[in-house]
Every structure is written in structure tokens, then in C-alpha cells.
2 protein chains.
Amino acid sequence: MQRTLTSPDYTLDEESIASISRALAHPVRVRILRLLAGETCCFTGELTGHISMAQSTISQHLKVLLDAGLIQGQIDPPKVKYCINRERWGLAEELFAGFFGSGFGPGCDCE
Amino acid sequence: MQRTLTSPDYTLDEESIASISRALAHPVRVRILRLLAGETCCFTGELTGHISMAQSTISQHLKVLLDAGLIQGQIDPPKVKYCINRERWGLAEELFAGFFGSGFGPGCDCE
DNA sequence: ATTGTTCATCGCAAATATACGATGAATGAG
DNA sequence: CTCATTCATCGTATATTTGCGATGAACAAT
């Protein structure tokens, strides 16, 4: 499937926001990030106990978060410890704050 | 396709973040929101000029943003004027700020 | 009534996402 | 070496997303 008819000229910011959003687009991934960021940071496969999904499915979701750069893994045999990628996390925070915080044009007379 | 094996017990916040994220998960929708939020309030037709996608495709993306509540439409025959739904926009801003701003657990010793 | 403009919706095709069980790889324990 | 544990990956099935052209609905102007 092609993405557009002609030009795919998206801003880096636009691509980044879309990319991070795709990673956040499933509630279970939001849940995982919450667990990692909030409570007991640096979890392992204890996620499997907290989430009631097949282990393979959770692993897939972790991969999505990894690919988005939002988390990082660290092998600690025979387990793997995951935690938030603070750098990327902070970048995401700024990106979204800037996006949602963008002002409204002066001529908006809707509603 | 089933969503989970057993419990779908997601928080309202988790669902909301996932839902809004799905709407932001395509760069062209981020672009559209930027145009609506930043510049002036737009008619659909002006978007057609700015985006180089089939009119039907743009209309579909607008529908996604509408369903997510991020924008609102106002008919002004024969055109339709779209603009940001400020209320929802502000709520999204808070949601994401709270999410990304959530602190890290004291025990994070990763990396 | 007919035409033109603007936008939404339908129908199709292809790509992605989601979930699961089964299997494979890596490692520590015995 | 063999076994158990932990996690990733493969293969499969189904659902959703994305894109387009074609068509439909609403309305203003003629």
C-alpha cells in the first residue's frame, strides 16, 4: 500500500509524534509504561503476572515499545530487566507538550 | 479478534491515552492538527490544497480526528469548517503531561 | 429543474496490528 | 550433559488501518 500519492514530506516532529503515538496506541502498552515508570521501576517478566496476556503477546508489546525507543532492556540471566529510556521519555514529553501547547490561530471563530 | 485472554480492566486514563494516541498515530493527522491549531481555522478544501492526498482520504483522516474528539466540524454550505476542539485538546494536554511527567520509582538502577 | 461545488461514504485492495500456541535460544542449576 | 526457567521469535488467524476511485448527499446558483 502506498503511503501517499506524491510527496511524503512530513516534518521530523510530525513523524516523531506519530511514531511515539503508535507505540502508545494500545492500552496495554500504556499500562506497561505506567508500571515501568511509576511503581517499581525496572521490572522484568513480572509483567506476565500483572497483565493476564500470553507471554508471547506481552513480549511483542515490549518489542513495540523498544522499537519506539521508549524503553530499554537489560539482560540479567535468566531474566530481562526493562525500564524507561529516560532520554527518549523526556524528548517525548517535550514533543507532546509543544504539540498540545501550540497556540490557536487568531482567526478561529468556530462554534 | 479478541483483545485479551480474560480481563480488559484498563484504566479510563489508559484507554483515553491509547485512544488519543491512535488518532495521532499517522503523520498526516498530526499535520492536519498542526494546521488547524496553529494557523487559521480551516475549511476541508484548503486542507486538500495543502496535503496532496485524495480528497476522500483526507476526509477519512478528518473523521478519525472527529471520532477522537480532537476536532469539531461546522457546516458552512457548501463547505465544512473544521477546528480544534479546545476542551478535548486541553484534556489531552493534561493527560499526556501527567503521563510523561510521572516520576520514576526510587529503585531504578538500570543501565 | 438542472448544474456545479463541496464533502462524506462505499467498495475494494493491500498493508499493519493483534493475539495465541508452539518452538527456539540463552543461561543457571543439578 | 541434562533439565528447568525465561524470554524472543515463528507461524497462523483475524481485525483494523490506509489509500484510492466512484458514487451519493446537500446546497447555491442559474
Side-chain angles (χ1 to χ4, degrees), chain A residues 1-10 14-15 18-32 36 42-68 71-83 110, chain B residues 1-10 14-15 18-32 35-36 41-68 71-83 110:
Chain A
M1 180 185 60
Q2 72 230 31
R3 193 85 158 173
T4 77
L5 191 55
T6 57
S7 59
D9 59 325
Y10 297 115
E14 288 165 349
E15 293 277 13
S19 171
I20 294 173
S21 292
R22 247 192 311 276
L24 299 179
H26 193 298
V28 86
R29 292 198 288 266
V30 177
R31 162 77 52 96
I32 290 175
L36 293 182
C42 289
F43 251 60
T44 61
E46 311 169 33
L47 291 174
T48 315
H50 283 28
I51 286 185
S52 80
M53 263 178 160
Q55 176 266 325
S56 61
T57 306
I58 294 181
S59 193
Q60 267 182 326
H61 284 297
L62 285 171
K63 178 167 169 45
V64 172
L65 293 174
L66 266 177
D67 289 346
I71 65 176
Q72 58 195 148
Q74 178 182 356
I75 62 172
D76 181 10
K79 305 190 172 183
V80 176
K81 184 159 37 169
Y82 284 104
C83 59
C110 276
Chain B
M1 183 185 57
Q2 72 230 31
R3 191 84 159 174
T4 78
L5 190 53
T6 57
S7 60
D9 59 327
Y10 298 114
E14 289 166 349
E15 292 278 12
S19 171
I20 295 175
S21 292
R22 248 193 310 277
L24 299 180
H26 194 298
V28 85
R29 292 197 288 267
V30 177
R31 162 76 54 95
I32 289 174
L35 288 172
L36 292 184
C41 210
C42 284
F43 292 94
T44 304
E46 312 178 24
L47 291 174
T48 314
H50 284 30
I51 288 186
S52 79
M53 260 175 160
Q55 177 265 326
S56 60
T57 304
I58 294 181
S59 192
Q60 266 182 327
H61 284 296
L62 286 170
K63 177 167 170 46
V64 172
L65 294 174
L66 264 178
D67 289 345
I71 65 175
Q72 57 194 150
Q74 179 183 355
I75 60 171
D76 181 11
K79 303 190 174 186
V80 176
K81 186 161 32 173
Y82 283 105
C83 58
C110 273

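Only heavy atoms go into these numbers, but all of them, side chains included; no hydrogens, no water, no symmetry mates. Chain letters run A, B, ... following the sequence lines, proteins first, then strands; residues in each count from 1.
- For the pair B/L62 and B/V80, the minimum side-chain heavy-atom distance is 4.5 Å or more.
- If you find the closest nucleotide of DNA chain C to A/V28 and to B/L62, the one lying nearer the 5' end belongs to B/L62.
- Between A/D76 atom CG and D/dT5 atom P there is a gap of 18 Å when expressed in whole angstrom units.
- Note: CZ (B/R29) to C1' (D/dT16) measures 12 Å, nearest angstrom.
- The salt bridge (charged side-chain N to carboxylate O under 4.0 Å, His left out) search around B/K79 returns none, not counting sequence neighbours.
- Taking CD1 from B/I51 and CD1 from B/I58, the interatomic distance works out to 5.0 Å, rounded to the nearest 0.5 Å.
- Contact annotation: A/T57 reaches the phosphate of C/dC20 (side-chain N/O to OP1 or OP2, under 4.0 Å).
- For the pair B/Y82 OH and C/dC7 P, the interatomic distance rounds to 8 Å; values are reported in whole Å.
- Legend: residues meeting side chain to side chain contact (heavy atoms under 4.5 Å, CB included) with A/S59, ordered by chain and number and at least two apart, are A/Q55.
- Nearest heavy atom pair, residue B/V28 against residue A/Y10, reads CB-OH, 3.4 Å.
- Ring planes of B/H26 and B/H61: tilted class, angle from 30 to 60°.
- One can place CD of A/Q74 at 18 Å from P of D/dT6, the figure rounded to the nearest angstrom.
- Per the geometry, CD1 belonging to A/I58 stands 14 Å off P belonging to C/dT18, to the nearest Å.
- C/dT18 atom P lies 14 Å from atom CD1 of A/I51, rounded to whole Å.
- Here the nucleotide nearest the side chain of B/H26, chosen from D/dC20, D/dC7, D/dG19, is D/dG19.
- The NZ-C1' distance, from B/K63 to C/dT6, rounds to 18 Å in whole Å.
- Within the 4.0 Å cut-off from OP1 or OP2 of D/dT16, not a single side-chain nitrogen or oxygen of B/R22 is found.
- OP1 or OP2 of C/dA19 lies within a sub-4.0 Å distance of a side-chain N or O belonging to A/H61.
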Contact state string [nucleotides 22-30 of chain D, B base, S sugar-phosphate only, - no protein heavy atom under 4.0 Å]
B----S---

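- Closest approach of B/D9 and A/R31 over heavy atoms only: O-NH2, 2.8 Å.
- Within the 4.0 Å cut-off from OP1 or OP2 of C/dA8, at least one side-chain nitrogen or oxygen of B/S59 is found.
- Minimum atom distance to the side chain of B/Q60 is reached by C/dG11, of the listed C/dG21, C/dG11, D/dT6.
- One interatomic measurement links the two molecules: CE of A/M53 to P of C/dA19, which rounds to 4 Å at whole-angstrom precision.
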